[in-house]
Every structure is written in C-alpha cells, then in structure tokens.
Amino acid sequence: MSRSKFLSKVWFYTLISVLSLSMVACFDAKREEDGGDDTFIEKEATTITFTEAEVYYNGDDIGEATSDGWLVKFYTDMEMDQMGNFVGPGEVMQLLLSAPFNSAQKPDLSKLVGEYRAQSNSGDFSPNTFAYGYMDYIDLPDGRHERPEGTFYASIPDGSTEMNIDLLDDGSLEIISNGDGTYTIDGVLVGKQCRKRNFSWRGVIEPKSQVVEQVPNSLLTSDLRLTNLTKAHLQDRGDSFYLGDNSYRNILVFLAEESISFEWGNPKGSGNILRLELLVPWETDIAQDGIPVGEYPMLTRNADTSFDKESIAPFHSISGLPDSFTVPYWSGAWYVKYADGKWGDSYARIDGGTITVERGADGSHRFICNLQDCSSPSFAVEADVTISNENLIR
C-alpha cells in the first residue's frame, strides 16, 4: 500500500472530520466510564503480546527520496477460515512506518531500527514517523468492502471474523535490535477509541521486498562515439502527436550498421542502431526531398513524459520515452546495440542534445549527433556519419 494515498484531498477533509468526531467520542467515553461527571477513570492498561509478525519493505513509494515505507503486521494465535480471514478470539495490529531513506532500495533492517512517533499531518512522511490509520475500501465480487489501512489495531471476537477497529494516530513505538538476530518491537499507541494499546513482539524479522525493480534506461558507463553507421532507414510518421493543424511532420530515422536489416520497418540482426525522430515542415516529401538541412535540438519532456504543445514544431527532435524498450512501444531517441534481433548488453535512452543535418550535392545526408543519455551525470552519445543516397532507405 503506497503511503501516497494519504496525500489526496479526500483524505485531508476526511481527516478533519474524523479528528472532530474523535474529540466528541473521547468526551463521551469519559462520561460513560465515570457515570456522567467530569472525572475520567482510565481502564487498566494491558499489554498485547503478539506472536506472529510479517514485515514488508515498500521502498521510496512516494518518490521523494526522504524516507522509505515499511509495513509491519502483527497477529496473535488464530485460525483462518476458507476465505483467509482470521477467526477470533484474537487481535491484530498494523504499522505503516516511514524509515530513513536507503538509496539502494533494499530492505536494510538497520534502517528500520529506531523510535517512531505519529506524523505531524497526513502528508508528513519524515523518517521515524508512523502514518495515521484510515478506512479504505476494496472491490470484491460480492460488492465493495471497507477495510482499515495505515496504522490500526483490531480485536476479533470469539468465533467471528469481524474486526473491531481502532484507527491509531498518536503515541510512540520502538524497534530494537537485540544483538542475537532477533528484534523487539513495542510501544503504546492511541486511536479513535481513546484507549492505550500497549503492545510487544519479539522475534526474527524476515522482510519481504515489495519494491518494483527499476529497469535502467541506460547501461552506458562512459561516453560513446559511433563511427560505423553506414545506412539509414526513413519513415514518415506524419502527425504522430495528432495536433491536426499540419504544423509539422515527424520523420523516424534509423542510423544503423551494415549488418542491420529492416523488416516491415523494424531493425533485425546484430549491430549498433541510433533511433531518432525529427520534426520537419509539414510539406516535406522525404521520398523526393529527404531530410531538410538544419539543426534539430531535442525537446525536453515534462515530468509526465509529455511535451508542451507549442514546442512541437519543425526543426526539433524527440527525446526518448522512458521505460519503453520493445517494438512497437519504444519512442523518441535511443541508442541500442542489437544482438540477433534483440536488445543486447548496451543501450541508452537519449534525453538531450542536438542533431545537425547537412546535404551533399550527390544527395547524401550527413548526420552530426551530439547527444546526452538519461544518466545522472549523463554520458555523451556522438556520431558524425555520411549516408550515401544509395544507402538511404525511404
């Protein structure tokens, strides 16, 4: 469960309502326990000793490199029904923790150790805080069901699967390494039912990573200069952005080694390929005119990978689309070393730079590519090749 769920406006306004109601609930609980006067007698605190624990590492699921999400689930000994629901009597607790950020995005238990207090607001994911409890829902074949998320406690009556839920939003907890391979997790948390939930667990933590592995968009480790590109394949993609105003034409250009062939416009074989997309004037006829002479600086993508409409204009080139590695989904500028018709051990998404096109009197095209990949810091991808008219497929 991503911690970013807490950032929605709906949750913000729900939180305000819940906090207001909880103040009333606590006041009513006080009056009920003391017979109606103003003296509050707290029920005797007991410690819940959990016997089972599951620990999940969610990594940087809010994408801010400030903290990592960890989910801890506790249970007392209970049986399960055929649907996988716990059958009481028993108790469960869930902790949604923000631990210090780990750049390796691996479940490092040394990062999990420490003391945790409640977040200051529903958008606070500072290290060593726990997230408020809240109600979410899940769609099942028999309809929509509410379920608790975040940090919560629940008791399950004898013979029942129904949970009596307390959404937790205050208190503190601590995770301690015992030095013998085991850990102790204990604390006192308070929620909407105005009860202290003293709890404790001790045992071995075997974290399960739920981090989706990020496939790198570039495997370059140094600058690259391509000198063996001898052929070009041009494809007119027309108004590929569907602007509908005849303001530009998108030309797909493959610069490739002699060993590369093309079937239905797609590269085959083994060798280096430089994939480019150039925006040219709408009236351009590549079959007759080829690629217009000029400089084609690369457009910068927005955070959502889109381009501003006004930037889509002739004499620009298109940067590579992130995380799209296969035909027909790859888009924009890429360098790829092919191996038997598949992506090999070297490739790079091109994220910036300029392509210059010159023309020879014999109809040849010269492509001068001064490009940068998407790495940080970036590596250069350069090429200065002249393609004869005979080796220009269009």
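Quick caveat, the model's predicted, so the values are computed rather than measured. Position 1 is the first residue of the sequence; numbering continues from there.
Under a hydrophobic-cluster definition in which Ile, Leu, Val, Met, Phe, Trp and Tyr are linked whenever side-chain heavy atoms come within less than 4.5 Å, directly or via other members, Tyr137 and Met135 are assigned to different clusters. Under a hydrophobic clustering in which Ile, Leu, Val, Met, Phe, Trp and Tyr are joined whenever their side-chain heavy atoms come within less than 4.5 Å, directly or via other members, Ile368 and Ile355 fall into different clusters. Cluster annotation: Ile286 and Leu255 are assigned to the same hydrophobic cluster (Ile/Leu/Val/Met/Phe/Trp/Tyr, side-chain heavy-atom contacts under 4.5 Å, transitive). Leu274 and Phe254 are assigned to two separate hydrophobic clusters, defined by single-linkage of ILVMFWY side chains at heavy-atom distances under 4.5 Å. No path of Ile, Leu, Val, Met, Phe, Trp and Tyr side chains, each step under 4.5 Å between heavy atoms, connects Leu219 with Val381, placing them in separate hydrophobic clusters.
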_Between Leu167 and Tyr132, is the side chain to side chain contact (heavy atoms under 4.5 Å, CB included) condition met? List the steps._
CA-CA 7 Å; Leu167 302 176; Tyr132 301 147; over 6 Å; no
*Evaluate the side chain to side chain donor-acceptor pair (under 3.5 Å) criterion for residues Tyr57 and Asp68: first the C-alpha distance (whole Å), next the side-chain angles of each, then the deciding distance (0.1 Å), finally the verdict.*
CA-CA 8 Å; Tyr57 174 69; Asp68 283 342; 2.7 Å; yes
*Intermediate values then yes/no, side chain to side chain donor-acceptor pair (under 3.5 Å), Thr354 and Glu295*: CA-CA 7 Å; Thr354 299; Glu295 290 190 355; 5.6 Å; no
*Would Lys192 and Asp166 count as a salt bridge (Lys or Arg N to Asp or Glu O under 4.0 Å) if you check the C-alpha gap in whole Å, the side-chain angles of each, and the deciding distance to 0.1 Å?*
CA-CA 6 Å; Lys192 306 307 177 204; Asp166 190 8; over 6 Å; no
*Mind running side chain to side chain contact (heavy atoms under 4.5 Å, CB included) on Gln235 and Ile251 for me, showing each step along the way?*
CA-CA 6 Å; Gln235 298 177 30; Ile251 306 300; over 6 Å; no
*I would like to know whether Glu283 and Asn246 meet side chain to side chain donor-acceptor pair (under 3.5 Å); could you show each step before the answer?*
CA-CA 9 Å; Glu283 60 273 12; Asn246 297 345; over 6 Å; no
_Evaluate Phe199 against Leu189 for side chain to side chain contact (heavy atoms under 4.5 Å, CB included), listing each step before the verdict._
CA-CA 8 Å; Phe199 68 96; Leu189 300 180; 3.9 Å; yes
_Please evaluate residues Phe367 and Thr356 with respect to the criterion side chain to side chain contact (heavy atoms under 4.5 Å, CB included), reporting the C-alpha separation (whole Å), side-chain torsions for both, the decisive distance (0.1 Å), and the verdict._
CA-CA 6 Å; Phe367 295 90; Thr356 302; over 6 Å; no
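Between Glu206 and Lys208 there is no salt bridge, since no side-chain N of the basic residue sits under 4.0 Å from a carboxylate O of the acidic one. The residues Asp236 and Arg249 are annotated as salt-bridged, a charged nitrogen and a carboxylate oxygen being separated by less than 4.0 angstrom. Using a 4.0 Å cut-off between a side-chain N of Lys or Arg and a carboxylate O of Asp or Glu, Asp180 and Arg202 qualify as a salt bridge. Checked for salt-bridge contact, Asp223 and Arg225 miss the test: no charged N lies under 4.0 Å from a carboxylate O.
With hydrogens and angles disregarded, no donor-acceptor distance shorter than 3.5 Å links the side chain of Ser98 to the backbone of Asn128. A donor-acceptor distance shorter than 3.5 angstrom exists from the side chain of Thr129 to the backbone of Ser126, with no hydrogens or angles considered. Although no hydrogens or angles enter the test, the distance criterion places a donor-acceptor pair under 3.5 Å between the side chain of Thr151 and the main chain of Ala131. Side chain of Arg301 to backbone of Gly320: a donor-acceptor contact under 3.5 angstrom is found. Judged purely by atom type and a 3.5 angstrom limit, Asp60 uses its side chain to pair as donor or acceptor with the backbone of Ala65. Here the side chain of Asp308 pairs no donor or acceptor atom with the backbone of Glu310 at under 3.5 angstrom. Distance alone, capped at 3.5 Å, places no donor-acceptor pair between the Ser240 side chain and the Arg237 backbone. A donor-acceptor contact shorter than 3.5 Å is absent between the side chain of Ser388 and the backbone of Ser364. Judged purely by atom type and a 3.5 angstrom limit, Asn272 has no side-chain atom pairing as donor or acceptor with the backbone of Lys337. In this structure, the side chain of Asn102 engages the main chain of Lys106 through a donor-acceptor pair within 3.5 Å.
Tyr335 meets the ring pair (Phe, Tyr, Trp, His ring centres under 6.0 Å) test with no other residue; sequence neighbours excluded.
Residues Tyr75 and Phe50 place their aromatic rings such that the two centres sit no closer than 6.0 Å.
The environment of CD in Glu115 is crowded: more than 12 heavy-atom neighbours from other residues, nucleotides or ligands sit within 6.0 Å.
Annotation for Cys374 and Ser218: closest pair SG-CB, 4.0 Å, computed over non-hydrogen atoms. Across Gly181 and Val204, no two heavy atoms sit closer than the pair O-CG2, 3.9 Å. In terms of heavy atoms, Lys111 sits closest to Tyr116 at O-OH, 3.9 Å. The two atoms that bring Thr76 and Gly90 nearest to each other are OG1-CA, 3.3 Å, heavy atoms only. Summarising the geometry of Leu112 relative to Ala99, their closest heavy-atom pair is CA-CB, 4.4 Å, with the distance given to 0.1 Å. Shown here for Lys231 and Ile260, the closest heavy-atom pair between the two residues is NZ-O, 2.8 Å.
Between Thr182 atom OG1 and Asn178 atom CG the span is 3.5 Å, to the nearest 0.5 Å. Atom CZ in Arg147 sits 6.0 Å away from atom CG in Asp136 (nearest 0.5 Å). The distance from atom NZ of Lys268 to atom OG of Ser259, rounded to the nearest 0.5 Å, is 14.5 Å. The line from OG1 of Thr47 to CZ of Arg197 is 12.5 Å long, rounded to the nearest 0.5 Å. Note that the CD atom of Glu277 and the CG atom of Leu321 stand 9.5 Å from one another [nearest 0.5 Å].
Contact check for Pro127 versus Ser67: side-chain heavy atoms found under the 4.5 Å cut-off. Put simply, the side chain of Leu252 reaches to within 4.5 Å of the side chain of Arg275, judged on heavy atoms. Taking 4.5 Å as the limit, some side-chain heavy atom of Asp384 sits within range of a side-chain heavy atom of Arg366. Looking at heavy atoms from C-beta onward, Ser122 lies out of side-chain contact with Tyr134 at the 4.5 angstrom threshold. Under the 4.5 Å side-chain criterion, counting only non-hydrogen atoms from C-beta, Trp282 is in contact with Asp239. No side-chain heavy atom of Leu95 sits less than 4.5 Å from a side-chain heavy atom of Leu71. Using a 4.5 Å cut-off on side-chain heavy atoms (C-beta onward), Met298 and Leu371 make contact. Annotation: side chain of Asp186 is not in contact with side chain of Ile175 (no heavy-atom distance under 4.5 Å).
Test Asp351, Asp323, Asp373 against Asn217 for side-chain hydrogen bond (donor to acceptor under 3.5 Å, both in side chains) and you get one pass: Asp323.
Between Phe315 and Tyr296, the ring-plane angle classifies as tilted under the 30° and 60° cut-offs. The aromatic rings of Trp334 and Trp343 stand perpendicular to each other, their planes meeting at an angle above 60°, with 30° marking the opposite boundary.
In the hydrophobic clustering, where aliphatic and aromatic side chains (Ile, Leu, Val, Met, Phe, Trp, Tyr) are joined below 4.5 Å either directly or transitively, Ile318 groups with Phe241, Leu243, Tyr248, Leu279, Leu299, Phe307, Ile312.
Side-chain polar atoms of Asn164 and Gln193 form a donor-acceptor pair below 3.5 angstrom.
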